[in-house]
Engineer: 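One structure, as C-alpha cells, below. Some questions next.
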There are 2 protein chains.
Amino acid sequence: MSTSTPASPGGKAAWAGAREALRERGLRWTPQRRLILDVLAETSGHITGAELVERCRARDAATIGSTVYRTLDVLEELGYVRHSHGADGREEYHVLPLAEHAHIGCLGCGAAWDLTWEDARELVERLEARNGFRVALGHVMIGGYCPGCEPAER
Amino acid sequence: MSTSTPASPGGKAAWAGAREALRERGLRWTPQRRLILDVLAETSGHITGAELVERCRARDAATIGSTVYRTLDVLEELGYVRHSHGADGREEYHVLPLAEHAHIGCLGCGAAWDLTWEDARELVERLEARNGFRVALGHVMIGGYCPGCEPAER
DNA sequence: GTCGTTCTTGCGAGGCTATGCAATAACAAC
DNA sequence: GTTGTTATTGCATAGCCTCGCAAGAACGAC
C-alpha cells in the first residue's frame with residue numbers, strides 16, 4: 001500500500017508513536033483519531049481544517065467535523081501539527097512541523113512558501129530587543145505579490 | 001505598545017468626500033452606506049467586521065450583516081479602509097489607513113499593535129531582492145508573545 | 001414628476017470553526 | 001469478564017463571513 005516515498009526522515013514512522021504519546025498523557029486512542037492520524041500520515045506540508053475533514057469523510061462518511069477540529073487541537077498540543085492562518089484567514093495546519101517557519105503568500109495567485117528563522121532574524125531580534133516580544137514564527141504571515149502578480153487596481 | 005491608534009488628523013472630514021467618490025464610480029449613496037460611514041467616521045484604528053455590524057445595529061436594529069460586509073468591500077476598493085486578518089484569523093479592517101503597517105498580535109492576551117515599514121525594512125528588502133516578492137505590509141501579521149504572556153504549555 | 005437602468009439591499013442558505021452537553025467508549029483495576 | 005472513571009464523541013447550536021437571487025431603491029434623462 002505505501003509507495004516508495006521515504007521523503008522525510010520521519011515519514012509514516014513519525015506517527016507510529018502517536019498512540020503512546022496519547023496514552024502517556026492519559027488521552028485515548030479512538031477509531032476517529034486513528035483515521036485522522038492515518039490521513040495526516042499521508043499528507044505532507046499544509047492542510048486546512050476543511051480539507052482534512054473532507055479527506056476523512058472520503059474514508060468514513062460518518063466523520064464529524066467537530067471531532068476533527070478537536071483532534072487537531074490535541075495533536076497540536078502533542079506537537080504533531082502546528083496551525084496558523086493563511087492569507088485568506090483560513091485555518092491551516094502544518095503536518096510534521098520539522099522547522100517552525102513563517103508563511104509568505106501571494107495575494108494575487110495564492111502561491112505560498114516559507115520563511116525561516118534565519119530570514120526573519122533581523123526583525124525578530126528587533127522586536128525582542130525593543131518590546132520584549134517573542135515572535136512565534138509559525139504565526140507569522142506575510143502577504144504580498146509575487147513577480148507575476150499585480151496588486152489589485154485601486 | 002498601544003492597543004489602538006490615536007485619532008487621526010483627518011477625522012470626520014476625511015469621510016466627507018465619500019459620497020462623491022461613490023458617485024464618480026457610478027455607485028450609489030444609500031442610507032445603509034451612510035450609517036456605516038458614520039460609524040466608521042467615529043472609529044479610529046482597527047475594527048473587526050463583526051464589531052462594525054454590532055455598532056451599526058446599535059443605531060439601526062435593521063442592519064443586515066451581509067450589507068455591512070459588502071459595503072466594506074466597496075470602501076476598500078475606494079481606499080477608505082484596508083483589511084487584513086488578526087492573529088485569530090478574523091477579519092480586521094483599518095480605518096483611514098494613513099500609513100500602511102503590519103500587525104503584531106500577542107497570542108496570549110490578544111493585545112495588538114503596529115509595525116511600520118521602517119521596522120520591517122530589512123526583511124522586506126530581502127524578500128524583494130531575493131524573490132522579487134513585493135510585501136504588502138497591511139497583509140503582514142506577526143504572532144508571538146508579549147512580555148507578560150507565556151506560550152501555551154506543551 | 002415619471003421612467004428606465006442598474007446598483008443595492010434583504011434574505012436565505014451555506015461553509016468553516018468553536019463550544020456545551022449528555023451519552024458513549026477507552027482504559028485501568030480487579 | 002466486569003466495573004468504575006473520565007476522556008471523547010456525536011449532535012445541536014452559534015458566530016463569522018460569503019454568495020446567489022429576486023425585489024427594491026438611487027440616479028440620470030426626459
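Fair warning: this is a prediction, and the values are worked out from it, not measured in the lab. Proteins come first, then strands; the chains are lettered A, B, ... in the order of their sequence lines, and each starts at number 1.
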Engineer: In whole Å, what is the span from the CD1 atom of A:Ile36 to the P atom of D:dT9?
Structural biologist: 7 Å
Engineer: Mind telling me whether A:His139 and A:His83 have parallel, tilted or perpendicular rings, with 30° and 60° as the class edges?
Structural biologist: perpendicular
Engineer: Would you kindly give the CD-to-P distance between B:Glu77 and C:dT8, to the nearest whole Å?
Structural biologist: 10 Å
Engineer: Grab the CD1-P distance between A:Ile47 and C:dC16 for me, whole Å please.
Structural biologist: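 Computing the A:Ile47:CD1 to C:dC16:P distance gives 13 Å.
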Engineer: Does a side-chain N or O of A:Arg70 approach OP1 or OP2 of C:dT19 to a distance below 4.0 Å, or not?
Structural biologist: no
Engineer: Among residues 49-68 of chain B, which ones have heavy-atom contacts with DNA chain C below 4.0 Å?
Structural biologist: B:Ile64, B:Ser66, B:Thr67
Engineer: Between the side chains of B:Glu54 and B:Arg57, is the shortest nitrogen-to-carboxylate-oxygen separation below 4.0 Å, so that they form an ion pair?
Structural biologist: no
Engineer: Report the residues that fulfil salt bridge (charged side-chain N to carboxylate O under 4.0 Å, His left out) with A:Glu128, sequence neighbours left out, ordered by chain and then residue number.
Structural biologist: none
Engineer: Closer than 4.0 angstrom, basic N to acidic O: yes or no for A:Glu42 and A:Arg59?
Structural biologist: yes
Engineer: Output yes when at least one side-chain N/O atom of B:Gln32 is less than 4.0 Å from OP1 or OP2 of C:dG10, else no.
Structural biologist: yes
Engineer: Apply salt bridge (charged side-chain N to carboxylate O under 4.0 Å, His left out) to B:Arg34 and list each qualifying residue two or more places apart in sequence or on a separate chain.
Structural biologist: B:Asp38
Engineer: Rounding to an integer number of Å, can you tell me how far A:Glu24 CD sits from C:dC27 P?
Structural biologist: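 After rounding, the reported distance stands at 14 Å.
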Engineer: What string of B, S and - do you get for nucleotides 22-30 of chain D 5' to 3' if you count protein non-hydrogen atoms under 4.0 Å?
Structural biologist: ---BBSS--
Engineer: What integer distance in Å separates A:Glu92:CD from C:dC16:P?
Structural biologist: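 Value for this atom pair: 14 Å.
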Engineer: Quick one: A:Asp73 CG to C:dT19 C1', roughly how many Å, whole number?
Structural biologist: 11 Å
Engineer: Provide, to the nearest angstrom, the distance between the NE2 atom belonging to A:His85 and the C1' atom belonging to D:dC17.
Structural biologist: 15 Å
Engineer: If you define the side chain from C-beta out and look only at heavy atoms, does anything of A:Ile142 sit under 4.5 Å from B:Phe133?
Structural biologist: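 SC-SC contact between A:Ile142 and B:Phe133 confirmed.
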Engineer: Which ILVMFWY residues are connected to A:Ile64, directly or by a chain of links, through side-chain heavy atoms under 4.5 Å apart?
Structural biologist: none
Engineer: Do you know which two heavy atoms are closest between A:Cys106 and A:Tyr145, and how far apart they sit?
Structural biologist: SG-CA, 3.9 Å
Engineer: With sequence neighbours left out, which residue pairs that include part of residues 50-77 of chain B fulfil the ring pair (Phe, Tyr, Trp, His ring centres under 6.0 Å) condition?
Structural biologist: none
Engineer: Distance check needed: D:dT18 C1' versus B:His83 NE2, whole Å only.
Structural biologist: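 These atoms are roughly 13 Å apart.
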